[in-house]
Number of protein chains: 2
Amino acid sequence: MNPITVLLVDDHLVVRSGLKALLGTQPDIQVVAEAASGEEALVQTEQLSPAVVVMDLAMGAGMDGIEAIKQLRRRDSRQAVLVFTTYDSDADIVRAVDAGAMGYLLKDAAPEEIFSAIRGAVQGKSVMSAPVASRLFQQLRNPDEILTPREAELLSLLIEGLSNRELGRRLFISEATVKTHLAHIYAKLGVETRAAAIATAIRREGMR
Amino acid sequence: MNPITVLLVDDHLVVRSGLKALLGTQPDIQVVAEAASGEEALVQTEQLSPAVVVMDLAMGAGMDGIEAIKQLRRRDSRQAVLVFTTYDSDADIVRAVDAGAMGYLLKDAAPEEIFSAIRGAVQGKSVMSAPVASRLFQQLRNPDEILTPREAELLSLLIEGLSNRELGRRLFISEATVKTHLAHIYAKLGVETRAAAIATAIRREGMR
DNA sequence: TGCCGTATCAGCCAAAAGGCTGAGAGACCA
DNA sequence: TGGTCTCTCAGCCTTTTGGCTGATACGGCA
């Protein structure tokens, strides 16, 4: 049986080599190429059609990981994308999954976990580190549970179309505080603008 | 039977006197006060409790008519507010009705129309000039019909949470054009910000 | 032929929103 | 007692939005 071909995408050489060495210990996994940026990843994928793309989200310059995943999805390539990153922020997890990632691994994951994630990915199984999975499930089950009471209150007014100033007046807090809450809400909903937050919140049913 | 007490609110003296003279011809209608601004209108209403407030929307300085109507509603006063204005823009009509206006008359309305509007208002009947009514019904029936095809297209992307730049790229037009379209959409939906536009559009069912 | 609606774009300016950092107070829990 | 979470606020700076004015172009309709 042919080995699973893998493309590594990470802007740090050390990480790439380390991962490559690690994966090299597995006879059924073969790293066929490396890329240091999202752009490079797209080109390499096009040319080599690896079975799995293991990608960091934070790329120093140019296209970031999320965008690269979206681009790959758009070309309806059949590669499975595994996110391999340092942090497990709520926002990144949601965005990566939305973009089409098959799995989400933390860099401190055990080697065996990484191997099985890659093997599972080619079979269409999605794998994620335990802490990541628990966060994601919590999100999916009830996205509002992860919002604090105050944040939920603010969100419910936000979707009425109020401005920051109006939100502040309504809740008897300063505009600065409103902005702080909003930043947290955006992070938790996995969006970047109030427009997207409203769209997301209203769509998640119940909030209308 | 006591005459219907009326407060006139308009920043133009000539309009007030003209209207006062006109209404003076009707024995069952009595103008008890006049105000030249939204603020003044609130004070006068408080003190005199007129049965009907006839108000222009465009006030030179300070609080505008829409805001004045909202304030009156908030104090849950029992006055009926009739909008008496020069223009019949879609935005103003919707906003005035939303704010709680009982009727919407154009300044070129026939005297008889004005009299009957005032008489109807005290009985809880809402009256509006024919062109106003037709616009409003069109809005309510299907708000999208009044949007041009291009505007509707833009709106459908807007509620996805895209920024102006992204909208431009997606539609192959400049950001300037996006802004122009947005301004028109806001006017037609009767909102002022993209956040409110999204909230409104999604709620009007069908757009989700 | 001239006007109107639609779609396109520009430039300028003010207001709103967002990113980032840092910080203090109170609650709760280990 | 010390850490963590939540809520609060500030300042600074950049980007995005929105308001306003004005302009060009095309197609239909009177």
Side-chain angles (χ1 to χ4, degrees), chain A residues 58 64 87 89-92 95 131 135 138 144-201, chain B residues 58 64 66 87-92 95 131 135 138 144-201:
Chain A
D64 72 352
Y87 309 104
S89 88
D90 288 305
D92 285 343
R95 288 172 67 213
R135 272 170 188 268
Q138 203 177 9
D144 285 352
E145 277 188 4
I146 59 156
L147 291 184
T148 68
R150 196 56 161 167
E151 286 164 359
E153 196 179 356
L154 209 140
L155 180 59
S156 75
L157 290 176
L158 184 70
I159 67 178
E160 299 297 326
L162 300 192
S163 68
N164 289 346
R165 187 170 306 172
E166 291 169 325
L167 289 171
R169 291 216 182 116
R170 204 71 89 78
L171 298 174
F172 305 106
I173 57 180
S174 78
E175 234 178 293
T177 306
V178 170
K179 289 167 82 171
T180 303
H181 284 311
L182 283 181
H184 294 158
I185 291 174
Y186 295 166
K188 289 180 179 178
L189 291 183
V191 299
E192 277 148 0
T193 65
R194 86 165 40 209
I198 292 171
T200 302
Chain B
D64 72 352
I66 299 283
Y87 309 105
D88 60 344
S89 89
D90 290 306
D92 285 342
R95 289 171 66 214
R135 273 170 187 269
Q138 203 178 10
D144 285 352
E145 278 186 4
I146 60 157
L147 291 184
T148 68
R150 195 55 159 168
E151 285 164 2
E153 196 179 355
L154 209 140
L155 180 59
S156 76
L157 289 175
L158 183 71
I159 66 178
E160 299 297 325
L162 301 191
S163 69
N164 289 348
R165 188 169 306 172
E166 291 169 324
L167 290 171
R169 291 215 183 118
R170 203 71 88 77
L171 298 175
F172 305 107
I173 56 180
S174 78
E175 235 179 294
T177 305
V178 170
K179 290 171 77 173
T180 302
H181 285 311
L182 283 181
H184 293 158
I185 291 174
Y186 295 166
K188 290 180 178 177
L189 292 183
V191 299
E192 276 150 358
T193 66
R194 84 167 40 209
I198 292 172
T200 302

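Values in this document were obtained by computation on a predicted structure and should not be read as measured data. Naming convention: chains lettered A, B, ... in sequence-line order (proteins, then strands); numbering from 1 in each chain.
- How far CZ of A/Arg150 is from NE2 of A/His181: 6.0 Å, rounded to the nearest 0.5 Å.
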Given the rule that a pair is Watson-Crick or G-U wobble with both distances under 3.5 Å, how would you write DNA chain D in dot-bracket, using | for pairs to a different strand? ||||||||||||||||||||||||||||||
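- The distance from atom CD of A/Glu153 to atom C1' of D/dT8 is 14 Å, rounded to the nearest whole Å.
- Here B/Leu167 contributes atom CG and B/Arg194 contributes atom CZ; the two are 6.0 Å apart, rounded to the nearest 0.5 Å.
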Please table the atom pairs, donor to acceptor, closer than 3.5 Å between any side-chain atom in residues 169-178 of chain A and protein atoms at least two apart or in another chain.
residue, atom, partner, partner atom, Å
A/Ser174, OG, A/Ala176, N, 3.3
A/Ser174, OG, A/Thr177, N, 3.2
A/Ser174, OG, A/Thr177, OG1, 3.2

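- Side chain of B/Arg150, nearest nucleotide from C/dT8, C/dC9, D/dT8: C/dT8.
- OP1 or OP2 of D/dT8 has not a single side-chain nitrogen or oxygen of A/Thr177 nearer than 4.0 Å.
- Rounded to an integer number of Å, the gap from CD of B/Glu151 to C1' of C/dT8 is 13 Å.
- Under a 3.5 Å cut-off, the side chain of B/Glu160 and the backbone N or O of B/Leu157 do not form any donor-acceptor pair.
- To the nearest 0.5 Å, atoms OG1 (B/Thr180) and CG (B/Leu154) are separated by 10.5 Å.
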Go along nucleotides 13-22 of chain D 5' to 3' and tag each nucleotide: B for a protein heavy atom under 4.0 Å from its base, S when only backbone or sugar atoms are that close, - otherwise. ---SSBB---
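- With rounding to whole Å, B/Ile185 atom CD1 is found 13 Å from C/dT6 atom P.
- The distance from atom CG of A/Leu158 to atom CD1 of A/Ile185, rounded to the nearest 0.5 Å, is 6.5 Å.
- Taken from CG in B/Leu155 to CG in B/Leu182, the straight-line distance is 9.0 Å, to the nearest 0.5 Å.
- To the nearest angstrom, P of D/dT6 lies 15 Å from CG of A/Leu154.
- Atoms CD and OH, on B/Glu151 and B/Tyr186 in that order, are 12.0 Å from each other to the nearest 0.5 Å.
- Summarising the geometry, the separation between CZ on A/Arg169 and C1' on D/dT8 is reported as 19 Å, rounded to the nearest angstrom.
- Listed here is the closest heavy atom pair of B/Ile159 and B/Ala201: CG2-CB, 3.8 Å.
- For A/Leu167 and D/dC9, the CG to C1' distance is 16 Å, given to the nearest whole Å.
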